[in-house]
Amino acid sequence: MTLQLNPQQALFLLRLSFEEDGARPSAIYKDFAASDRKQLAEAGLVVVGKDPTNKRAQFATLTEAGYQWVADHLDSPLSKSNVAHVVLAKLLTGVQSQIVVGKFSFADLVRGSAGRGDSNNQNVAAEVPSIETSARRPEPNGDITRRILAACQELSGDGVYNVRIRLADLRSQLSDLDRADVDQALAELEREQAAAIMPLDDPREILPADEEAAFPNSIGRNRHILYLSRPH
């Protein structure tokens with residue numbers, strides 16, 4: 001990504017990440033310059049279009065690249081506009097929901113944050129494992145990746161590359177494997193750009209089985225389908 005986002009654009013992406021797909025964030029447009037939004041659309045971070053129910057209104061949604069940018073730049077400088085407190089409130093609500101279900105504790109969060117970049121707190125940070133470290137599992141062996149590829153081949157029929165495969169079907173084929181190990185292998189395939197994992201855009205296509213099998217991205221957005229990329 002060569003585009004260097006300004007604090008206003010960074011805040012717009014963060015604000016938009018809390019909007020449901022297909023939502024009309026027209027109400028927040030007044031807080032963000034049209035030129036900034038246009039740059040984001042040209043960079044492929046957002047999709048902007050006309051609301052079919054109201055031709056005078058626009059809607060915007062984050063693309064997968066947009067979600068990934070937000071996840072990779074949570075420490076990016078943000079505009080100090082009035083919108084920032086709305087984003088903070090939504091973010092804290094999401095953090096609270098993860099604390100409630102036991103994903104991590106508030107102490108883990110604040111101590112880990114306090115320890116970064118502060119030499120006076122290095123000992124404290126060393127004593128408290130980060131969320132990423134505490135959640136880390138051993139790398140799955142290559143057999144799991146081979147099982148995933150073989151299952152995709154079986155599900156896709158003649159061709160396997162750039163063919164849409166529902167994760168619900170894939171998980172059914174791999175039901176004897178530990179889900180966390182399968183997810184780790186899927187994440188590795190994605191990091192290596194050997195697979196693209198995406199959400200179903202049409203809510204009418206999403207079945208309960210798709211939600212049950214969903215593989216969330218780094219900010220928790222459910223994704224339901226997989227495309228294997230042809231090796232270069």
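Only this structure's heavy atoms are used, side chains among them; waters, hydrogens and symmetry mates stay out.
- Using modelled atom types, no side-chain atom of Ser172 and backbone atom of Ala168 make a donor-acceptor pair closer than 3.5 Å.
- Note that CH2 of Trp69 and CD of Glu64 are 16.0 Å apart. Values are rounded to the nearest 0.5 Å.
- Residue Glu212 places its CD atom among 12 or fewer non-hydrogen atoms of other residues, nucleotides or ligands, all under 6.0 Å distant.
- The backbone N or O of Leu200 lies less than 3.5 Å from a partner atom in the side chain of His224, making a donor-acceptor pair.
- The salt bridge (charged side-chain N to carboxylate O under 4.0 Å, His left out) search around Glu211 returns none, not counting sequence neighbours.
- With sequence neighbours excluded, no residue forms a side chain to side chain donor-acceptor pair (under 3.5 Å) with Glu154.
- Residues passing the salt bridge (charged side-chain N to carboxylate O under 4.0 Å, His left out) test with Asp169, sequence neighbours excluded: none.
- The distance from atom CD of Gln173 to atom CZ of Arg171, rounded to the nearest 0.5 Å, is 13.5 Å.
- A distance of 5.0 Å separates CG of Asp183 from CZ of Phe215, quoted to the nearest 0.5 Å.
- Between Leu177 and Asp181, the closest side-chain pair of non-hydrogen atoms is not below 4.5 Å.
- Partners of Arg179 under the side chain to side chain donor-acceptor pair (under 3.5 Å) rule, at least two apart in sequence or in another chain, do not exist in this structure.
- Ile225 places none of its side-chain heavy atoms less than 4.5 Å from the side chain of Leu167.
- Considering only residues two or more places apart in sequence or on other chains, Asp202 meets the salt bridge (charged side-chain N to carboxylate O under 4.0 Å, His left out) condition with Arg204.
- Between Leu40 and Leu13, the closest side-chain pair of non-hydrogen atoms falls below 4.5 Å.
- Partners of Asp75 by side chain to side chain donor-acceptor pair (under 3.5 Å), not counting sequence neighbours: none found.
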